[in-house]
Amino acid sequence: MLLFRERIPADWLPKVLAHLPAVLVDHAHLERKAATTALNLEKYRDLYGRVDELNAIAIEELQHFQLVLQLLRARGIPFGQPFPSPWISGLMRSVRNGQRHQVIDHLICCALIEGRSCEKFQVLSRELAEIDAELATFYGSLVESEGNHYAAYLLMARAVDDAETDRRLDFYLDLDAQLIRQGSPTPILH
Ligand SMILES: [Fe+2]
Ligand SMILES: [Fe+2]
């Protein structure tokens, strides 16, 4: 179902496992940003008819945010500052201006972020099973929801302009592959 052209780099998992508390703080911010992003998409004329659907995604992301905050509290990890993600800012830098171009690019970026989350949560759920069963179950419980968000954003883009979505998806999948190979200096999910 996921269309990615490049695998998650081999050094991603060991780095995440070695810095789980920092990664959980980063994850909390990721869910917070996912909630605000769903609300921000409601500014586009082409998505006025999707306002209920986008609100539902925002509510779900806010629930995820709360769940990560509960985990942080239970583990005595303080909520802290977010790390910037070169991968996310690299994707977002390529969002074009112009009402229709912008909404399609923005939706595709959101879809890829949700898709990579879905993929990485699946890996974490499997790899943490022996190390941290609670966290493994938690990540497993988020996989379906993030996969649904990935599909929902792609469908929204296709409903605006199917052919343009295909063209831009081709561009963004190459960009994702190029950016993900570069990795990040900090212990973050993306
Ligand atoms: Fe989420
Ligand atoms: Fe999501």
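Just so you know, these numbers use all the heavy atoms, side chains as well, and skip hydrogens, waters and symmetry mates. Counting convention: from 1, in listed order, for ligands and their atoms alike. As the structure is a computational prediction, the values presented were derived from the model and not from experiment.
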H19 side chain to K15 backbone, donor-acceptor under 3.5 Å: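 A pair under 3.5 Å: yes.
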Would you call D176 and R181 a salt bridge, taking side-chain N to carboxylate O under 4.0 Å as the test? no
Steps toward side chain to side chain contact (heavy atoms under 4.5 Å, CB included) verdict (L175, Q178): CA-CA 5 Å; L175 181 62; Q178 183 197 321; 4.2 Å; yes
Any side-chain donor near an acceptor of the partner, Q99 and Y44, under 3.5 Å: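 No, because no side-chain N or O of Q99 sits under 3.5 Å from a partner of the opposite role on Y44.
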Report for the Fe ion (ligand 1), protein N, O or S closer than 2.8 Å, by chain and number, lists E31 OE1, E61 OE1, H64 ND1, E146 OE2
Parallel, tilted or perpendicular, as decided by the 30° and 60° cut-offs, for the rings of H29 and F79: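 Geometry flag for H29 against F79: parallel rings.
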Stepwise, does the ring pair (Phe, Tyr, Trp, His ring centres under 6.0 Å) test hold for H190 with F83? CA-CA 10 Å; H190 294 313; F83 289 117; over 10 Å; no
